[in-house]
Amino acid sequence: MHLFFKKILQSIDVIYPAPVIRAHCDIPCGIYTTHQAGIAAETIEKMVQKLTDLGHHSVDASVEEKLIWENANGRMTQIKEEWAQICKQELLILWTDYFKEEHLEMFPDLHEKFWKVAKLCSQNKREVNIKAARELRAAVDEIAEMFKKAEGDKAVTKRQEWL
C-alpha cells in the first residue's frame, strides 16, 4: 500500500512540480525584525532606573522591610539580566543570519557595531549602570535604522505577500 501512494505522489510531482524556493536567510525574508531587541533594551533601561530609584534599605529597617527591599532588588536584577540576554540573542541572530556580505558595502562598520552592542548587552547583565543602559538603547536604535535601510521598500512588499 505504501508503494502505491508513493507512486501516486511521484506522478503528481511530475505533473505539478513544487516551485523552488530560495532565500538568503535561514528563515524567509520579512520575518526578521528589531522589535524584540528594542523592547529588551527599553526594559533594561527601565529596570536599571527602578533599581537606582530603589536605593538601599536603611540600617534601621525592620526585617520585613529588608525582605521587601531584597525581593524587589532581586526580581528587578533578574529581569534586567534576562532581557539583556534576550537583547543579545536577538541582535546576534540579525548579525549572523540576516546581514550578509553585500550589506558591508552599505555599512562598512557593521561588524564593529554589532560587536560593541553585544558587549553592551553583557555589561548591562553585569552592572546596574544607567549610562550603559542608555548606550545600549541608543545602539539598538542605530542597528534598527541600519536594518530599515537594508530592508528598504521590499520589507513592506514581502510582508504583504505573506498576508
Side-chain angles (χ1 to χ4, degrees), residues 21-58 61 63-163:
I21 299 173
R22 291 179 174 71
H24 82 281
C25 309
D26 285 353
I27 57 176
C29 293
I31 306 271
Y32 290 98
T33 181
T34 58
H35 299 317
Q36 190 74 3
I39 291 168
E42 185 177 351
T43 301
I44 294 162
E45 185 179 17
K46 286 180 180 180
M47 287 299 107
V48 169
Q49 187 61 57
K50 286 182 177 294
L51 283 161
T52 303
D53 293 345
L54 186 61
H56 298 287
H57 59 73
S58 70
V63 172
E64 184 180 348
E65 290 171 328
K66 287 178 183 178
L67 288 173
I68 290 169
W69 181 89
E70 288 174 8
N71 184 59
N73 182 52
R75 291 184 70 218
M76 285 186 265
T77 300
Q78 180 181 356
I79 290 166
K80 172 189 69 74
E81 291 178 8
E82 287 174 359
W83 282 97
Q85 185 62 35
I86 290 168
C87 188
K88 183 188 264 186
Q89 288 171 330
E90 291 294 319
L91 293 170
L92 291 178
I93 288 168
L94 280 176
W95 187 18
T96 59
D97 295 353
Y98 174 78
F99 284 100
K100 301 294 179 200
E101 194 171 325
E102 60 265 20
H103 293 117
L104 290 174
E105 290 178 23
M106 285 176 89
F107 314 109
D109 57 349
L110 183 133
H111 293 310
E112 183 178 348
K113 284 187 186 299
F114 273 96
W115 182 80
K116 285 182 178 180
V117 77
K119 293 294 184 183
L120 275 171
C121 288
S122 295
Q123 181 181 2
N124 276 279
K125 282 171 52 176
R126 288 188 314 270
E127 301 174 6
V128 177
N129 179 335
I130 195 67
K131 182 179 180 240
R134 289 180 179 147
E135 285 176 14
L136 175 62
R137 190 158 180 200
V140 169
D141 288 346
E142 191 174 351
I143 286 174
E145 285 302 314
M146 291 169 63
F147 178 77
K148 284 180 193 174
K149 286 180 185 174
E151 280 287 276
D153 293 335
K154 66 182 180 177
V156 173
T157 305
K158 287 180 184 166
R159 285 186 187 95
Q160 288 170 345
E161 288 174 9
W162 283 87
L163 299 177

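Every value quoted in this text rests on a predicted model; they were computed, and no experiment measured them.
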Using the side-chain contact (heavy atoms from CB on, under 4.5 Å) rule, take N73 and L51 through it: C-alpha gap first, then chi angles, then the decisive distance, then the call.
CA-CA 7 Å; N73 182 52; L51 283 161; 3.1 Å; yes
Consider only side-chain N and O atoms of E151 and Y98, and report whether a donor and an acceptor are under 3.5 Å apart.
yes
Close side-chain approach of E45 and W83, heavy atoms under 4.5 Å
no
Please check if the number of heavy atoms outside K66 that lie under 6.0 Å from its NZ is greater than 12.
yes
Taken to the nearest 0.5 Å, the spacing of E70 CD from E65 CD works out to 12.0 Å
Between E42 and K46, does any side-chain N to carboxylate O distance fall below 4.0 Å?
yes
Take R134 and Q49, measure what side-chain contact (heavy atoms from CB on, under 4.5 Å) needs, and give me the verdict at the end.
CA-CA 10 Å; R134 289 180 179 147; Q49 187 61 57; 3.7 Å; yes
Atom pair OH (Y32) and CG (D97), whose distance is rounded to the nearest 0.5 Å
4.0 Å
Salt bridge or not for K125 and E81, using N-O below 4.0 Å?
no
Starting at CG of D141, measure out to CE of M146 and round the result to the nearest 0.5 Å.
13.0 Å
Taking every non-hydrogen atom, the tightest pair across C87 and V140:
SG-CG2, 3.8 Å
Does the side chain of K50 come within less than 4.5 Å of L54's, by heavy atoms?
no
Check whether any side-chain heavy atom of I143 sits under 4.5 Å from a side-chain heavy atom of V117, and report yes or no.
yes
Atom pair CD1/CG of I86 and L91 - distance to nearest 0.5 Å
12.0 Å
Restricting to non-hydrogen atoms, name the atom on I44 and the atom on A84 that form the minimum distance, rounded to 0.1 Å.
CD1-CA, 3.4 Å
Rounded to the nearest 0.5 angstrom, the OG1-CD1 distance for T43 and I79 is 9.0 Å
Tell me, do K88 and S122 make a side-chain contact under 4.5 Å, heavy atoms counted?
yes
Nearest 0.5 angstrom please: E127 CD to L120 CG, how far?
10.0 Å
Heavy-atom closest pair (H35 atom, T33 atom, distance to 0.1 Å) is CD2-OG1, 2.7 Å
Electrostatic pair E135:K131 at N-O distance under 4.0 angstrom
yes
Throw together a table of side-chain donor-acceptor distances under 3.5 angstrom for residues 107-114, partners on residues two or more places apart or in other chains.
residue : atom : partner : partner atom : Å
D109    : OD2  : K113    : NZ           : 3.2
H111    : ND1  : W95     : NE1          : 2.9
E112    : OE2  : K116    : NZ           : 2.9
K113    : NZ   : E142    : OE2          : 2.3

Is a side-chain N or O of N124 found less than 3.5 angstrom from the main chain of A132, in a donor-acceptor match?
yes
